[in-house]
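Report on the structure given below.
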Amino acid sequence: MNKRVQLILFIFLMSFALYVARGVVISLHFKRVPLLPSRVPIAAPYGTISGRDGEPLSGNSLAYDVYVDVGYAKALSKIQGWNYRDRVVGALNYFGIDVSSTKISKILKDAAGGVEVGVISGKKASNIPAKYRPFLNIHEVYVKIPVATPNRILAKALQKEYGNYLKPKKDGKIIYNSFGAYVLSSKIKKIVKPMGGDEVFTSIDPRIQSFAYSAIEKEVKTQAASGGEVIVSDPQTGAILAMVSTWPWNAPVMNVCEIGSTVKPLVFAAALQEGVVSTNTTFSVPYFIPSPKIPLVIRDAEYHPWPITLRQALVYSSDVAEMTIARKFIKKFGKEAFYRWFLKFGFGVKTGIDLPNEVSGFLTPPQKWYAGDIGGLEMSIGQGLAVTPIQLITALNSIANGGYWIRPHIMNEILSPSGTLVSKYSFYSKRIFKQNVTRIVRSFMVDVVKKGTGRPAQLNGGVLVGGKTGTAEKPVNGKLSKKGPYFALFYGFFPASDPKYSILVIVDQPSKGKYYGEQVAAPVFREIGNYVLRLEGYGNHENTMRTFLPVIMPNLKGLTLNESLNLLKSLSIPASEINFSGNGVVFSQYPPPFTPISKIKNVKISLGPAF
């Protein structure tokens, strides 16, 4: 073999031996140095607020938070050879940022730092020109969806009240890992799932909420009024089914007004319970003089024959009879006792409803009443006190439900993203009237609507309504005037034999000539009440037997099989549509709670051990 070839071969073999030896040394002494894990965040959503039929009152959608990294753009432009300023200005213009502002101009000049664009929609993010993307930091975020006008004020209040539950618990992430220079590609090491906010299920019926808003908005415009509020509730449970306001705040818990004659059923009930009057009491004098020292004679607003019975006194909304009752009450039991009854009604204190910014209203204590015989009498006709709409409907509901003051509520329950119970409404009630007393006053209120001032509130289909009108003077610069302005009010409940719905309507300062409660507020009650009847599926046939049924699927978790079957039977869900498996108590169900009954075709129940 040629010596030259031998030399080349020798050199190659020696080089290869050295390379192998070097590899052995490296393999024996090399330590892998973990690189910092690479993380890709996964945004967690806010929780949603749902109505009683499962329809969202508020929710959230995926969006993108954008940051323009100006310093990085400058460095990148030198490497890639493009005009730094032109491209960054183009990106800022795309996002609608004013590049002429002092702050932005300085950032561009210094080529340092960056500009926070904020949150943009998915559509805008997908259309970002490719040339801008290299120097943008884009992160997924969830933002609250703007809600429909009827829900906006209430949804905002609920978001504030339950913000700690609704906010995302923890963002998720995808973690990648690389080990040293000899691993050519990163692999997913771990996926951490995002944990969103809890879901708040409420008693609100979005259909009634929307219709009530339209009805009060229309009446406010028709009467050129300052504003209006409506509350629809279940008087048996205190559940709020709708709460709307034409004001830009949650007026039903924040506004106060004198309540006029809507207070009279409460005073009647208190007087009956204390024995101040009976169903045989009559009133024969067509006027009332509060004090011989004051040149004031009280007469009823509308003509009616005299004498009148206790029932007729409420039907005619007689101020004369009401103030006569108040005087007899104070003379028999004293001013403090009369005042304490207004406290029992829930006036002067917050109801405790689960909404922020509720106010207490104002109830003047006896020590500050007018001196002499006149003090406190005006309260019996709804004057000299300031009451919120939620206080008023809660108090009057005690007549409708058989005598109980029930704390109003909106939240039914809160569930975690995994479906476990986080919180549940705690029912609270206290008896303030005897049942037989409320039965008497309810019958009086039915006559108010049948043949008294509440006739404009009569509903279609022969459904009996009990109710009371109210008209109250509104103070201007601290003074009242018989020339107005006024509050027009109406409260009613139905069906009268076993009330399932109550509605309070207040119109603030109507200015088109009509201002009585029966003229302005009662027609709104009728409109909303008839809508509720249509939702319940009732026609206009006078003799149709009517049964008011729940409209949503209940939460069966924790119930036994027999308890569940009996409950579903009461909802008219046939046994042929119910499937179950396992033993013990219900731990899962389909469809979920709050699903409208009308949408249910089959029910599946899974049972297991009770833990």
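- Residues Thr246 and Lys221 bring no donor and acceptor atom of their side chains to less than 3.5 Å of each other.
- Applying ring pair (Phe, Tyr, Trp, His ring centres under 6.0 Å) to Tyr501 and the options Phe525, Phe494, Phe493 leaves one that passes, Phe494.
- Contact record, Val220 with Gly228: CG2-N, 3.7 Å, taken as the closest heavy-atom pair.
- By the 4.5 Å heavy-atom criterion applied to side chains, Ile503 and Val230 are counted as neighbours.
- Of the inter-residue distances, the one linking Glu229 atom CD with Ile216 atom CD1 reads 7.5 Å to the nearest 0.5 angstrom.
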Practice item. Verify side chain to side chain contact (heavy atoms under 4.5 Å, CB included) between Lys434 and Thr438, making sure each step is shown before the conclusion. Key: CA-CA 7 Å; Lys434 295 177 181 177; Thr438 60; over 6 Å; no
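- In this structure, Gln312 contributes its side chain and Thr309 its backbone to a donor-acceptor pair below 3.5 Å.
- For the residue pair Lys500 and Gln236, no side-chain donor N or O sits within less than 3.5 Å of a side-chain acceptor on the partner.
- No more than 12 heavy-atom neighbours from other residues, nucleotides or ligands sit within 6.0 angstrom of OH on Tyr287.
- Looking only at distances, a side-chain donor or acceptor of Gln273 sits under 3.5 Å from a matching main-chain atom of Ile432.
- Side-chain atoms of Ser511 come within 3.5 Å of backbone atoms of Ala224 as a donor-acceptor pair (strictly under, hydrogens ignored).
- The main-chain N or O of Gly454 is never found under 3.5 Å from a side-chain atom of Thr469 such that the two would form a donor-acceptor pair.
- Contact check for Leu158 versus Leu355: side-chain heavy atoms found under the 4.5 Å cut-off.
- Side-chain contact between Glu358 and Asn250 is absent, with no heavy-atom pair separated by less than 4.5 Å.
- If you take CD on Glu274 and CD1 on Ile325, they are separated by 13.5 Å, rounding to the nearest 0.5 Å.
- Side chain to side chain, Asp508 and Ser226 fail the donor-acceptor criterion of an N or O pair below 3.5 Å.
- Here the shortest heavy-atom pairing between Pro235 and Ala400 reads CB-CB, 4.0 Å.
- Judged by distance alone, with hydrogens and angles left aside, the side-chain atoms of Thr48 form no donor-acceptor pair with the main-chain N or O of Ser50 at under 3.5 Å.
- Salt-bridge check for Lys218 with Glu527: passed, with a basic side-chain N closer than 4.0 Å to an acidic carboxylate O.
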Review point. Going through the checks in order, is the side chain to side chain contact (heavy atoms under 4.5 Å, CB included) test met by Leu396 and Phe345?
Key: CA-CA 8 Å; Leu396 288 167; Phe345 301 157; over 6 Å; no
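- Here the side chain of Glu258 pairs a donor or acceptor atom with the backbone of Gly384 at under 3.5 angstrom.
- Side-chain contact between Glu217 and Val244: absent, with no pair of heavy atoms (C-beta onward) separated by less than 4.5 Å.
- Residues Pro408 and Ile240 have side chains in contact (heavy-atom distance under 4.5 Å, counting atoms from C-beta outward).
- Side-chain atoms of Gln383 do not come within 3.5 Å of backbone N or O of Leu385 as any donor-acceptor pair.
- Using a 4.0 Å cut-off between a side-chain N of Lys or Arg and a carboxylate O of Asp or Glu, Asp319 and Arg299 do not qualify as a salt bridge.
- To the nearest 0.5 Å, the span separating OG1 on Thr471 from OH on Tyr516 amounts to 7.0 Å.
- There is no side-chain donor-acceptor pair under 3.5 Å between Thr388 and Asn255.
- Gln458 places a side-chain N or O within donor-acceptor distance of the main-chain N or O of Val449, the cut-off being under 3.5 Å.
- The two residues Ala242 and Ile208 come nearest to each other via the heavy atoms CB-CG2, 3.8 Å.
- A heavy-atom distance below 4.5 Å is found between the side chains of Tyr162 and Met411.
- Under the ring pair (Phe, Tyr, Trp, His ring centres under 6.0 Å) rule, Trp341 has a single partner from Trp405, Phe433, Phe268, which is Phe433.
- Side-chain contact, Thr453 with Glu302: no donor N or O sits under 3.5 Å from an acceptor N or O.
- No donor-acceptor distance shorter than 3.5 angstrom exists from the side chain of Asp198 to the backbone of Val200, with no hydrogens or angles considered.
- In this structure, CD1 in Ile506 is found 4.5 Å from CG in Leu489, a value given to the nearest 0.5 Å.
- Side-chain atoms of Asn397 and Tyr404 form no donor-acceptor pair, as typed in the model, at a separation below 3.5 Å.
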Practice item. Applying side-chain hydrogen bond (donor to acceptor under 3.5 Å, both in side chains), run through Ser423 and Glu413 and close with a yes or a no. Key: CA-CA 6 Å; Ser423 182; Glu413 63 180 11; over 6 Å; no
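- With rounding to the nearest 0.5 Å, the separation of NZ in Lys424 from CG in Asn412 is 9.0 Å.
- Between the side chains of Ser502 and Ser233, at least one donor N or O sits under 3.5 Å from an acceptor N or O.
- The aromatic rings of Trp369 and Phe338 sit perpendicular to each other, their planes meeting at more than 60°, with 30° as the lower class boundary.
- With no hydrogens or angles considered, no side-chain donor-acceptor pair links Asn357 and Trp249 at under 3.5 Å.
- Asp447 has a carboxylate O that lies under 4.0 Å from a charged side-chain N of Arg311, or vice versa, which qualifies the two as a salt bridge.
- Side-chain contact check for Phe329 versus Val277: every heavy-atom pair is 4.5 Å or farther apart.
- Closest heavy-atom contact between Val263 and Gly382: CG1-N, 3.4 Å.
- Between the side chain of Arg455 and the main chain of Lys451, a donor-acceptor pair closer than 3.5 Å is present.
- Annotation: Tyr339 is not in aromatic contact with Phe342 [ring centroid separation under 6.0 Å not met].
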Practice item. Any chance you could lay out the side chain to side chain contact (heavy atoms under 4.5 Å, CB included) test for Lys350 and Val359, step after step, and finish with the verdict? Key: CA-CA 6 Å; Lys350 296 177 183 179; Val359 300; 5.8 Å; no
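- Side chains of Asn460 and Arg526: a donor-acceptor N/O pair is present below 3.5 angstrom, by distance only.
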**Study point:** Criterion side chain to side chain contact (heavy atoms under 4.5 Å, CB included) on Asn401 and Ile406, from CA distance to verdict
**Key:** CA-CA 9 Å; Asn401 65 34; Ile406 301 175; 3.5 Å; yes
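- A donor-acceptor contact under 3.5 angstrom links the side chains of Ser317 and Lys264, judged on distance only.
- The shortest side-chain heavy-atom distance between Pro286 and Asp300 does not fall under the 4.5 Å cut-off.
- Rounding to the nearest 0.5 Å gives a distance of 8.5 Å between CD1 of Ile440 and CG of Leu310.
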